[in-house]
Protein chains: 2
Amino acid sequence: MKVCSRDVARAAGVSPATVSLVMNGRTHIALSESTRARVRDAAERLGYRPNQVARNLLTGRTRTLGLLLPSLASSFVARIADGVQREAGDRDQHVLLAHTRRDPAFEQRQIEMLLQHQVEGLVIVASEETLPSLESRLDVLEQAGVPCVVIDDHTHVDRVDCVVSDDRQGAEAAVAHLIHAGHRRIAHWGAGDATSSARDRLGGYRTALRRARIPFSASLVLGDSFRSAPAPEVVRQWLARRNPPTALFAANDRHLAECLPVFRDLRIRIPEDLALVGYANYDFAAYLDLTSVDQDPTALGKAATRRLLDRIASPRMKPSRMDLPTRLVVRGSSTVVPIPVPAPCPAP
Amino acid sequence: MKVCSRDVARAAGVSPATVSLVMNGRTHIALSESTRARVRDAAERLGYRPNQVARNLLTGRTRTLGLLLPSLASSFVARIADGVQREAGDRDQHVLLAHTRRDPAFEQRQIEMLLQHQVEGLVIVASEETLPSLESRLDVLEQAGVPCVVIDDHTHVDRVDCVVSDDRQGAEAAVAHLIHAGHRRIAHWGAGDATSSARDRLGGYRTALRRARIPFSASLVLGDSFRSAPAPEVVRQWLARRNPPTALFAANDRHLAECLPVFRDLRIRIPEDLALVGYANYDFAAYLDLTSVDQDPTALGKAATRRLLDRIASPRMKPSRMDLPTRLVVRGSSTVVPIPVPAPCPAP
DNA sequence: CTGTCGTACTAAAACGTGTTAGCTTGCCAT
DNA sequence: ATGGCAAGCTAACACGTTTTAGTACGACAG
């Protein structure tokens, strides 16, 4: 059934060694052109397909990277994976997929699996749930001698390469934009302080305020308390108090999208009564005319993969952190634009 | 550096064969409990990790599935991939990822790669671009003796297992819903006729009309001409003609989302002047209050994976087609709801 | 005839594991 | 003593490649 190099060798009247030399285009050893042709012909005729598994075992190299992510259900993560896959394809590396399911125990088993499969490196997409155990995972990987790159969190830059988007700068640009539009009471709806990106967004928010000499007020910062209650509930109570903010910078477009009905319900006009800026620039942000900070997750995936391959090539380098630029996309939720039909569509 | 079974054997004072027996929990051959303990202990101490590559070569089994998809950038595809990965994880299979990049030539190379890696089966997510060459890919796979399952197209059910969502039923439900709401002139914005799902949606549309004794009118069906021009342009011209439809069933939420500004611009009220039903139920459909047909892509991925594993287990089965049920999610774009919050965007 | 050299090819080892036939040892029955 | 048997373990092969040392052979010079 399955045809191996021995079969080809027999058919071409040569030895398996010769088949190998021909198939791999090795020229440092002399082979007559007629032999080469005979081998190629036999391989073609028999439908010979070299067995990568055998090759990997012998050479000790697999050209395979592990991609460990929380879940592909998140489009942000999926686009990162797309970038990884694209870059890997260009450098012809293969990608073995693994989920953590946001469960540390499951993650551990998956890492074990990837190592047993002899992956040469690991791209890890961080998630809040698996972040606490990341350090011990790094121990395991280090001991196994398998390098890795962490995407979307830089808490452990001292030990491992990190590729993140420049959330500090992104947040700062978002808030500066609101300040420029005349706002002074700007609220921030954060994402807690578990991840470095959440902390950085808060940091960028504070920096922008400081630069404009606007005092920081803790009462204007809403943590990740929305986790215990639905976002609309939280924001409803929050806006009901006296002296509400005139602008809101949210750490995630999704919070804003979920709250739009609440704003309509409360007769809060966007952007006149409340200007909104989100984060991540999901595709629905365009449809909802939400100003947002674009992160380019595909670029994250590509950059991480490049970095990983560089490290595999030269393992001694000092771990580095890479901050990919973000881009503020201004839409109707933060500015009153002249044309009544903003621009979620290709302009005429 | 890398510790192998021989090292463990030496450390435990046994042979590699014994190590293998212990590590794999084989009990059909008697081993004293003390030996088992010694081996386990040594393995633990040395950080022994069995080499899957060697194991795969020897046993000829890899427990690895190939997942071939157009691109992870589409959230629909990504959610299918999520389902595949989840189901594979549960049956402890591994997943080797491959992109087609919507390019038949690249796809061919990727399939070759997957086969060389000795995947035991292939999940193929169909795309319009690679559909024409699918048949010849099936030839290759058949000859290699590697089974596969196609998701999202059933053109080739005669040769291969197909897992699709029941688009005929989904479309019928959508249109029946519009008819039930009193509409008679219902337009259909299709997706061409290249894919079976596009054809099925058109079929469901016609069935619903027939059941309600509404004559089919070709002038109410818009093909995939939007590919040559931006969707808003197309729909603008289309609605400008005399005797426009009172309802629109689109093969894709995205078309509707992009056209909402056009409707606003033309002073067409949703749903009073034009009722809308989309397809796929993207997350933004909820935010935009769009009625849509939900497809559950995760279930598609899971079902396909189950089917693939069944076929690997018993290759002689006749190829089958599996239609996963769809679910109509009624929102404000198709019915006047009691609460006056139909506005898709933060309207001024 | 012998030695040298280049060309064309191959034999054999290696990668790390799983399987199985067979070996050793001790024990018990004859 | 001898045979039989079970328990406990191992030797050796196999998987399909790649690599390298080495062989065979002809040509050609001395």
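Computed from a predicted structure; not experimentally measured. Just so it is clear: chains get the letters A, B, ... in the order the sequence lines come, proteins before strands, and each one is counted from 1.
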Using a 4.0 Å heavy-atom cut-off, does [X] contact any base of the nucleic acid, only the sugar-phosphate backbone, or nothing at all?
X	result
Val19(A)	nothing
Asn56(A)	nothing
Pro50(B)	sugar-phosphate
Val14(B)	sugar-phosphate

Counting just side-chain N and O atoms, does Ser15(A) come under 4.0 Å of either OP1 or OP2 of dA11(C)? no
Distance below 4.0 Å between Asn24(B) side-chain N/O and dG18(C) OP1 or OP2: yes
Quick one: do Asp7(B) and Arg10(B) satisfy salt bridge (charged side-chain N to carboxylate O under 4.0 Å, His left out)? Show the steps, please. CA-CA 5 Å; Asp7(B) 302 322; Arg10(B) 210 165 4 225; 3.1 Å; yes
Between which nucleotides of DNA chain D, read 5' to 3', does contact with chain A run, using atoms under 4.0 Å from its heavy atoms? dG16(D) to dT20(D)
Round to a whole Å and report the spacing from [atom1] of [X] to [atom2] of [N].
X	N	atom1	atom2	result
Leu58(A)	dA13(C)	CG	C1'	10 Å
Leu21(A)	dT7(C)	CG	P	16 Å
Arg55(A)	dA14(C)	CZ	C1'	16 Å
Ile29(A)	dG6(C)	CD1	P	16 Å
Arg6(A)	dA11(C)	CZ	P	12 Å
Leu57(B)	dC15(C)	CG	P	14 Å
Arg10(B)	dG16(C)	CZ	P	12 Å

If you assign each of Gln52(B) and Ala17(A) to its closest nucleotide in DNA chain C, which residue comes earlier from the 5' end? Ala17(A)
Please list residues of residues 30-37 of chain B whose heavy atoms come under 4.0 Å from any atom in DNA chain D, ordered by number; otherwise none. Ala30(B), Leu31(B), Ser32(B), Thr35(B)
Check step by step if side-chain contact (heavy atoms from CB on, under 4.5 Å) holds for Leu68(A) and Arg137(A). CA-CA 12 Å; Leu68(A) 182 65; Arg137(A) 305 292 180 257; over 6 Å; no
Between the side chain of Arg40(A) and the main-chain N/O of Val22(A), is any donor-acceptor distance below 3.5 Å? no
Show your working on side-chain contact (heavy atoms from CB on, under 4.5 Å) between Cys148(A) and Val160(A) and close with a plain yes or no. CA-CA 7 Å; Cys148(A) 78; Val160(A) 71; 3.6 Å; yes
Are [X] and [Y] close enough that some pair of their side-chain heavy atoms sits under 4.5 Å apart?
X	Y	value
Pro325(B)	Asp166(B)	no
Arg311(A)	Val149(A)	no
Leu134(B)	Thr155(B)	no

Determine whether Ile111(B) and Gln108(B) satisfy the following criterion, side-chain contact (heavy atoms from CB on, under 4.5 Å), listing intermediate values before the conclusion. CA-CA 5 Å; Ile111(B) 288 186; Gln108(B) 187 165 23; 5.9 Å; no
With each end axis built from five pairs of C1' atoms, what bend angle do you get for the helix from dC1(C)-dG30(D) to dT30(C)-dA1(D)? Round to 10°. 80°
Please report the C-alpha distance between Glu87(A) and Thr305(A) in whole Å, then the side-chain angles of each, then the deciding distance to 0.1 Å, and finally whether the side chain to side chain donor-acceptor pair (under 3.5 Å) criterion is met. CA-CA 6 Å; Glu87(A) 188 69 27; Thr305(A) 306; over 6 Å; no
Going by an N to O cut-off under 4.0 Å, is there a salt bridge joining Arg86(A) and Asp82(A)? yes
Look at Arg101(A) together with Asp90(B) and state whether they make a salt bridge at an N to O cut-off of under 4.0 Å. yes
Could you measure the distance from the OG atom of Ser133(A) to the CG atom of Leu138(A)? Nearest 0.5 Å is fine. 9.5 Å
